[in-house]
Amino acid sequence: MRFIVRVVVNAFAIWVVTLMPALQVSVTPFAPGETLQLVLTLLLVAAIFAIINTVIGTVIKVLAFPLYILTLGLISLVINGFLLWFTAWITSFFGFGLDVGDFWWGVLAALIISIINWIFGIILRPRRED
């Protein structure tokens with residue numbers, strides 16, 4: 001259940017980022033490209049992004065731990081941008097999916113996606129009953 005919520009929140013965050021044309025991030029839906037196909041493409045891209053972030057992101061974060069200390073955590077922005085760019089590269093093989101115009105715009109887009117995920121994480125956090 002948690003994975004599905006994470007995918008839906010990521011899909012929403014990616015959609016918000018695609019609404020900002022200056023970021024040069026877009027989603028190409030599969031044919032015929034109407035609203036349903038766009039939503040399904042966003043969900044598929046978000047699922048791929050969540051899997052990449054969980055598997056590859058965890059390995060990179062463990063290996064880059066000294067860089068986290070050295071840069072006071074700012075390297076996480078570059079790592080998240082790389083994971084978003086890597087997701088775009090993976091989905092490009094399907095003929096539809098995410099398109100990131102430039103790596104550094106991808107870093108900014110990943111920052112916005114992280115902020116949206118953080119906000120939804122606070123809202124959707126289970127309440128503790130004492």
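In what follows, residues are counted from 1 in the order of the sequence shown.
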Contacts of Thr71 meeting side chain to side chain donor-acceptor pair (under 3.5 Å) (sequence neighbours excluded), chain-then-number -> none
Without placing hydrogens or testing angles, list every side-chain donor-acceptor pair under 3.5 Å for residues 23-40, not counting sequence neighbours.
unit_1 : atom_1 : unit_2 : atom_2 : d
Gln37  : OE1    : Glu34  : N      : 3.1

Same cluster or not: Val62 versus Val55, using hydrophobic residues (I, L, V, M, F, W, Y) connected whenever any side-chain heavy atoms lie under 4.5 Å apart?
no
Starting from the C-alpha separation in whole Å, work towards a yes-or-no answer on side-chain contact (heavy atoms from CB on, under 4.5 Å) for Leu124 and Val9.
CA-CA 10 Å; Leu124 299 175; Val9 170; 4.0 Å; yes
When Ile, Leu, Val, Met, Phe, Trp and Tyr are grouped by side-chain heavy atoms lying under 4.5 Å apart, directly or through other members, which residues fall in the same group as Leu72?
none
Not counting sequence neighbours, which residues clear side chain to side chain donor-acceptor pair (under 3.5 Å) with Asn53? List them please.
none
Go through the structure and list residues passing ring-ring contact (aromatic ring centres under 6.0 Å, His included) with Phe65, not counting sequence neighbours.
none
Taking every heavy atom of Phe3 against every heavy atom of Ala50, the minimum-distance pair comes out as CE1-CB, 3.8 Å
Closest contact, heavy atoms only, Ala11 versus Ala46:
N-CB, 3.4 Å
Where at least one partner belongs to residues 103-116, residue pairs that pass side-chain hydrogen bond (donor to acceptor under 3.5 Å, both in side chains), sequence neighbours excluded
none
What pairs of residues pass the ring pair (Phe, Tyr, Trp, His ring centres under 6.0 Å) test when at least one of them lies in residues 36-59, not counting sequence neighbours?
none
Sequence neighbours excluded, the answer for side-chain contact (heavy atoms from CB on, under 4.5 Å) partners of Leu63 is Val59
Which pairs of donor and acceptor atoms, one on a side chain in residues 78-100, lie under 3.5 Å apart (sequence neighbours left out)?
unit_1 : atom_1 : unit_2 : atom_2 : d
Asn80  : ND2    : Ser76  : O      : 3.3
Thr87  : OG1    : Leu83  : O      : 2.8
Thr91  : OG1    : Thr87  : O      : 3.1
Thr91  : OG1    : Ala88  : O      : 3.2
Thr91  : OG1    : Leu98  : N      : 3.1
Ser92  : OG     : Trp89  : O      : 2.6

Which donor-acceptor pairs under 3.5 Å do side chains of residues 116-123 form with protein atoms, sequence neighbours excluded?
unit_1 : atom_1 : unit_2 : atom_2 : d
Asn117 : ND2    : Asn10  : OD1    : 2.8
Asn117 : ND2    : Ile113 : O      : 3.3

Test side-chain contact (heavy atoms from CB on, under 4.5 Å) on Val8 and Phe12; report intermediate values, then the result.
CA-CA 6 Å; Val8 170; Phe12 175 75; 5.7 Å; no
If you round to the nearest 0.5 Å, how far is CG of Leu43 from CD1 of Ile4?
10.5 Å
Cluster check Ile60, Ile69: I/L/V/M/F/W/Y, side chain < 4.5 angstrom
no
